[in-house]
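The next block holds one structure in the form of structure tokens; read it before the comments.
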There are 2 protein chains.
Amino acid sequence: MTDAELRVLDSLDKRRRTFVAGRDLVHQGQSNQAAYILMSGWACSYKLLADGQRQIVDFQIPGDFLGLRSVVLHISDHSIEPVTDIEVTEVHVSDLMEAFAQTPRLATAVFWAVSRDEAMVVEHLVGIGRRDAAERMAHFLLELCARLSLVGLGSKAGFACPLTQYLIADAVGLSSVHVNRVLRHLREQGFLTFRNGFVTIHDYDGLVRFADFEISYLDQIGPLLR
Amino acid sequence: MTDAELRVLDSLDKRRRTFVAGRDLVHQGQSNQAAYILMSGWACSYKLLADGQRQIVDFQIPGDFLGLRSVVLHISDHSIEPVTDIEVTEVHVSDLMEAFAQTPRLATAVFWAVSRDEAMVVEHLVGIGRRDAAERMAHFLLELCARLSLVGLGSKAGFACPLTQYLIADAVGLSSVHVNRVLRHLREQGFLTFRNGFVTIHDYDGLVRFADFEISYLDQIGPLLR
DNA sequence: GCGGCGGACTGATCTAGATCAGGACAAAGG
DNA sequence: CCTTTGTCCTGATCTAGATCAGTCCGCCGC
């Protein structure tokens, strides 16, 4: 980044806030003025249906934006719930727009973040639409692994994962009963073990092949930034 | 829009191109330099899995961007196939970036388009994950209806729809056999009729209730543009 | 005028995963 | 200490939707 860009970044009001696990920070239908950058902890964005079911769209890990789309669309089409206690820094729309105007390249960076977000949602869509339970589960965990590795919170050997089987069920579109069975299946196949909040991967390459996992949508650096 | 913005828009190289139905214009894995705006006809963006199955992520109708995300991420994570013969105008990355630098508000507009795109994909995800076949079908057709109405190609009474039941099956994650049965079901319930390339809606409000269709994610105008 | 083909449509059968109905265990709270 | 709560885990049964195996019809090319 150039000095000018860094100066603009520094000028942003960086108010830190914390939220406790389980208490939503953004509600579906709410129109909000601020987005956040997640500094520590995990969160999830989800949608509720009229009949009370919920679909978790994605989990957010440190470094991810929270509620960026809500700000652009002026209304939130989803809710965001901290999975663990979290720490965030607030980003005001006005500041963001200001920064865009001053340094277009910064706009491009955020643009890229939104696009990567969309690419992940698309990948989830494909998973739920076309992969069976085991492949979907494997793909889901591999994606988390890759994302966590990028921010230094995991490796191909495994990662700490605060998700309950209920949360995973809501994310991959299965019942929690079936999530449990699928995890057992993957363990019995020697692929991975998920126990006590830790995912241990025994056979990374086998898992990648099994899940047809294509990492490219995650690790690209926006070419427009080079 | 201001005069300055319009001048920038006019300065873009607006090369018209046409593509015939069925021949992909963007291939998964291809890195491309141009995005398009669809002027006439329908297209679809889809992903292929290793085992040959495909998931259609979304259909594009006149006015929609094609391949915008591919440009930002530098590589296309999906393919795009014209459903009918289509007409597009090409938009070069360099031009787009140039335009962004000159008029940040234009960047914001494109930003909004990407966000709306993502909101639609999220809605599809929820549909496939949590709605049963009939609700999903109803929701899918209502979304198309709403989008087509926005560009004057349909109304609450119905719209012309060039999609085959096979294409719909690939989009909503059902078998074509089941798509057929679900359409019959919706017809027998008096909700709508899909025949000879026309969707005729008999009971719009009933359908909206049945599908739990929430239109807000589509018709918002980006507040940042006001 | 007739084969070939793509799309709509249908009945019979099969299966992945849901749902139901619990038990085991650990942590939290009185 | 016992009770409650949350999470993991399991077997038995049920069902939405897939799959298989076609028919029918209109259109195109020869």
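Keep in mind it's a predicted model, so treat the numbers as computed, not measured. The sequence lines fix the lettering, A, B, ..., with proteins before strands; numbering per chain opens at 1.
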Atom pair distance, as rounded to whole Å: [atom1] in [X] and [atom2] in [N]:
X	N	atom1	atom2	answer
A:Gln53	D:dA16	CD	C1'	14 Å
A:Asp132	C:dA18	CG	C1'	15 Å
B:Asn196	D:dG26	CG	P	10 Å
B:Phe194	C:dG7	CZ	P	12 Å
A:Leu183	C:dG17	CG	C1'	15 Å
B:Gln165	C:dT10	CD	P	10 Å
B:Arg181	D:dG22	CZ	C1'	12 Å
B:Ile128	D:dG17	CD1	P	12 Å

Report task. Anything under 30° is parallel, anything over 60° is perpendicular, the rest tilted; go ahead and classify A:Phe111 against B:Phe111. Result -> tilted

**Report entry** Pair A:Asp205 + A:Lys156: basic N to acidic O under 4.0 Å
**Finding:** no

Report task. Inspect the contact between A:Arg147 and A:Asp58 and indicate whether a charged nitrogen and a carboxylate oxygen are less than 4.0 angstrom apart. Result -> yes

Report task. Using the side chain to side chain contact (heavy atoms under 4.5 Å, CB included) rule, take A:Glu118 and B:Ser115 through it: C-alpha gap first, then chi angles, then the decisive distance, then the call. Result -> CA-CA 8 Å; A:Glu118 188 182 352; B:Ser115 293; over 6 Å; no

Requested in this report: List the steps and the verdict of side chain to side chain contact (heavy atoms under 4.5 Å, CB included) for A:Cys145 and A:Ile201.
Outcome: CA-CA 9 Å; A:Cys145 176; A:Ile201 299 177; 3.9 Å; yes

**Report entry** side-chain N/O B:Arg195 vs C:dC9 OP1/OP2, d < 4.0 Å
**Finding:** yes

Query raised in the report: Do the side-chain N or O atoms of A:Arg184 get closer than 4.0 angstrom to the phosphate oxygens (OP1, OP2) of D:dT10?
Result: yes

Query raised in the report: Which residues, if any, of residues 167-180 of chain B bring a heavy atom under 4.0 Å of DNA chain C?
Result: B:Val177, B:Asn180

Query raised in the report: Heavy-atom count around B:Asp51 CG within 6.0 Å, excluding the residue itself: above 12?
Result: yes

